Chemist: 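Once you've had a glance at the structure underneath, I'll fire off some questions.
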Amino acid sequence: MRILIILLLMIPGLASAQLIQNLFIDTKAMSLGNAVTADPTGIMDIHFNPAGLTKLEGRQIQIQLMNIMLSAEANFSLPEDYDPDQAGLVPIHEDPILNDPKSKAIAAAYLPGVGILPMHLPVLTLPTGGVSIQPAGSKFTFANAAYAPMAAGFAKESDDAGRYQAREVALQRFTYFSPSFGYKVNDQLALGASFLFSHQAVAVNQDVRAPNMLIGVLEELQGAFGCFDENGNSTGNDPLAPIITLCGGSVGPFKDIGELQILTEETLSPSYNLGLLWEPTDWFALGLGYQSEAK
């Protein structure tokens with residue numbers, strides 16, 4: 001039976017991962033792929049396992065600077081077997097982005113009260129810091145830190161070829177107040193908890209168009225009814241009005257029809273972390289961490 005249980009525990013299971021979380025918190029944790037639940041990192045155990053705070057003695061100050069280089073490039077082109085004669089009502093070869101098909105994105109961040117702010121710098125420095133105190137003779141260690149458990153954002157120029165896949169995006173969570181404690185039950189066992197107060201933002205700015213068959217048909221009908229002259233000016237023709245208005249505005253599969261703007265912001269988004277650290281020997285440690293959901 002014991003052998004069967006061991007074999008069952010060795011069977012790999014499915015797990016979900018998220019790229020934008022836990023990236024820029026602690027340099028040691030980053031270098032170890034965040035495998036630090038049982039290997040305390042320091043004050044940033046506030047995030048990974050608050051029980052590890054008991055390893056900090058006296059008064060501690062921790063400041064980290066992480067240098068980030070973010071640049072994404074793309075190039076749009078037609079397939080080699082594309083046949084313009086078979087294009088139909090959506091002639092992709094006439095898409096204006098093919099005139100300047102290169103796209104480039106740089107890092108961006110969200111600033112409360114300002115919005116998405118592009119970072120026109122070759123290197124973006126992200127600071128994190130915290131303090132801890134363990135009173136003399138006490139089993140408690142108290143700590144507080146400011147850090148970004150979620151940070152991702154990019155921005156493109158207003159005429160960038162990739163602006164229809166979002167021109168500006170920011171997904172960001174910043175913890176500005178995190179009162180935490182670790183309690184050393186005995187020499188082998190420690191418990192801990194963190195109470196996090198964070199700012200959460202999700203923002204998107206995106207140019208919108210509708211390169212589909214229906215818009216292609218509508219463009220053909222506008223041409224057939226002579227809604228606009230060669231310069232794009234309205235001719236006043238609208239023979240089906242008021243039943244159907246075809247000439248209210250020039251449309252086409254590759255023409256902008258608007259701009260999508262999304263801004264969701266929560267200035268106080270609370271959550272909590274719980275932790276346990278068990279070290280029965282010098283060569284073995286078991287760490288458990290729980291991070292609550294946050295709205």
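Quick caveat, the model's predicted, so the values are computed rather than measured. Reckoned from all heavy atoms, side chains included, excluding hydrogens, waters and symmetry mates.
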Chemist: Taking atom OG of Ser180 and atom CG of Asp45, what is their separation to the nearest 0.5 Å?
Modeler: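 Going from the OG atom of Ser180 to the CG atom of Asp45 covers 10.0 Å.
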
Chemist: Are the side chains of Met44 and Gln62 in touch, meaning some heavy atoms are under 4.5 Å apart?
Modeler: yes

Chemist: Which residues pass the side-chain hydrogen bond (donor to acceptor under 3.5 Å, both in side chains) test with Ser269, not counting sequence neighbours?
Modeler: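 So Ser269 forms a side-chain hydrogen bond (donor to acceptor under 3.5 Å, both in side chains) with Arg173.
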
Chemist: With a 6.0 Å cut-off on ring centres, are Phe195 and Tyr272 close enough?
Modeler: no

Chemist: Is there any ring-ring contact (aromatic ring centres under 6.0 Å, His included) pair reaching into residues 39-76, and which pairs are they, with sequence neighbours excluded?
Modeler: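 Sorted result for residues 39-76: His47-Tyr147.
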
Chemist: Can you hop from Val114 to Met119 via hydrophobic side chains spaced under 4.5 Å?
Modeler: yes

Chemist: Which ILVMFWY residues can you reach from Leu263 by hopping between side chains whose heavy atoms are under 4.5 Å apart?
Modeler: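 Noted: Leu263 shares its cluster with Tyr110, Ile116.
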
Chemist: Taking CG in Asp187 as the centre, count heavy atoms belonging to other residues, nucleotides or ligands within less than 6.0 Å. Is the count above 12?
Modeler: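 Atom CG in Asp187 is not packed in, count stays at 12 or less.
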
Chemist: Verify, without hydrogens or angle tests, whether Asn144 (side chain) and Ser178 (backbone) share a donor-acceptor contact under 3.5 angstrom.
Modeler: yes

Chemist: If you take all heavy atoms of Pro96 and Phe254, which pair is closest and at what distance?
Modeler: CD-CB, 3.6 Å

Chemist: Which residue pairs satisfy the salt bridge (charged side-chain N to carboxylate O under 4.0 Å, His left out) criterion with at least one member in residues 127-146, sequence neighbours excluded?
Modeler: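 Matches after skipping sequence neighbours: none remain.
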
Chemist: Less than 3.5 Å apart, any donor N or O on the side chain of Gln172 or His199 sitting next to an acceptor on the other?
Modeler: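 There is no such pair between these side chains.
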
Chemist: State, yes or no, whether a side-chain contact exists between Tyr176 and Leu268 at a heavy-atom distance under 4.5 Å.
Modeler: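 Yes, close enough: below the 4.5 Å cut-off.
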
Chemist: Check side chain to side chain contact (heavy atoms under 4.5 Å, CB included) between Met30 and all other residues, then give those that pass, not counting sequence neighbours.
Modeler: Phe24, Met66

Chemist: Atom CD of residue position Glu266 - does it have more than 12 heavy atoms of other residues, nucleotides or ligands inside 6.0 Å?
Modeler: yes

Chemist: How long is the straight-line distance from CD of Gln165 back to CZ of Arg163, given to the nearest 0.5 Å?
Modeler: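 Those atoms lie 11.5 Å apart.
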
Chemist: With sequence neighbours excluded, tell me which residues meet salt bridge (Lys or Arg N to Asp or Glu O under 4.0 Å) with Asp39.
Modeler: Lys28

Chemist: Show me the pairs that pass side chain to side chain donor-acceptor pair (under 3.5 Å) and involve residues 71-91, at least two apart or across chains.
Modeler: Tyr82-His93

Chemist: Apply ring pair (Phe, Tyr, Trp, His ring centres under 6.0 Å) to residues Phe181 and Phe142 and explain how you reach the verdict.
Modeler: CA-CA 4 Å; Phe181 74 89; Phe142 302 97; 7.1 Å; no

Chemist: Treating Ile, Leu, Val, Met, Phe, Trp and Tyr as nodes and any side-chain heavy-atom pair under 4.5 angstrom as an edge, say whether Phe154 and Val208 lie in one connected cluster.
Modeler: yes

Chemist: Could I get the full list of salt bridge (Lys or Arg N to Asp or Glu O under 4.0 Å) partners for Arg209, not counting sequence neighbours?
Modeler: Asp95

Chemist: If a pair satisfies side chain to side chain donor-acceptor pair (under 3.5 Å) and one of its residues is in residues 112-134, list it, with sequence neighbours excluded.
Modeler: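 Every pair satisfying side chain to side chain donor-acceptor pair (under 3.5 Å) with a residue in residues 112-134: Asn67-Thr125, Gln134-Thr141.
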
Chemist: Quick one, Gln261 and Val204 - any side-chain contact, counting heavy atoms below 4.5 Å?
Modeler: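 Gln261 does not reach Val204 side chain to side chain.
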
Chemist: Which side-chain N or O atoms in residues 277-289 pair as donor and acceptor under 3.5 Å with protein atoms at least two apart or in another chain?
Modeler:
| from | atom 1 | to | atom 2 | distance (Å) |
| --- | --- | --- | --- | --- |
| Glu279 | OE1 | Lys55 | NZ | 2.7 |
| Glu279 | OE2 | Lys55 | NZ | 3.4 |
| Thr281 | OG1 | Trp283 | N | 3.4 |
| Thr281 | OG1 | Trp283 | NE1 | 3.4 |
| Thr281 | OG1 | Phe284 | N | 3.2 |

Chemist: Treating Ile, Leu, Val, Met, Phe, Trp and Tyr as nodes and any side-chain heavy-atom pair under 4.5 angstrom as an edge, say whether Ile262 and Ile257 lie in one connected cluster.
Modeler: yes

Chemist: Going by atom types only, do Ser103 and Asp160 share a side-chain donor-acceptor pair under 3.5 Å?
Modeler: yes

Chemist: Do Gln206 side-chain atoms and Tyr164 backbone N/O form a donor-acceptor pair below 3.5 Å?
Modeler: yes

Chemist: When you measure from the side chain of Asn34 to the backbone of Asn22, do you find a donor-acceptor pair of N or O atoms at a distance under 3.5 Å?
Modeler: yes

Chemist: Tracing side-chain links under 4.5 Å among I, L, V, M, F, W and Y, which residues wind up in one group with Ile61?
Modeler: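 Members alongside Ile61: Ile63, Val131.
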
Chemist: Please confirm whether the backbone N or O of Leu276 pairs with a side-chain atom of Asn49, one donor and one acceptor, at under 3.5 Å?
Modeler: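 Judged by distance alone, yes, a pair lies under 3.5 Å.
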
Chemist: Can you see which heavy atom on Ile43 is nearest to which on Leu53, and at what distance?
Modeler: O-CD2, 3.8 Å

Chemist: Could I get the full list of salt bridge (Lys or Arg N to Asp or Glu O under 4.0 Å) partners for Glu259, not counting sequence neighbours?
Modeler: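 Residues passing salt bridge (Lys or Arg N to Asp or Glu O under 4.0 Å) with Glu259: Arg167.
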
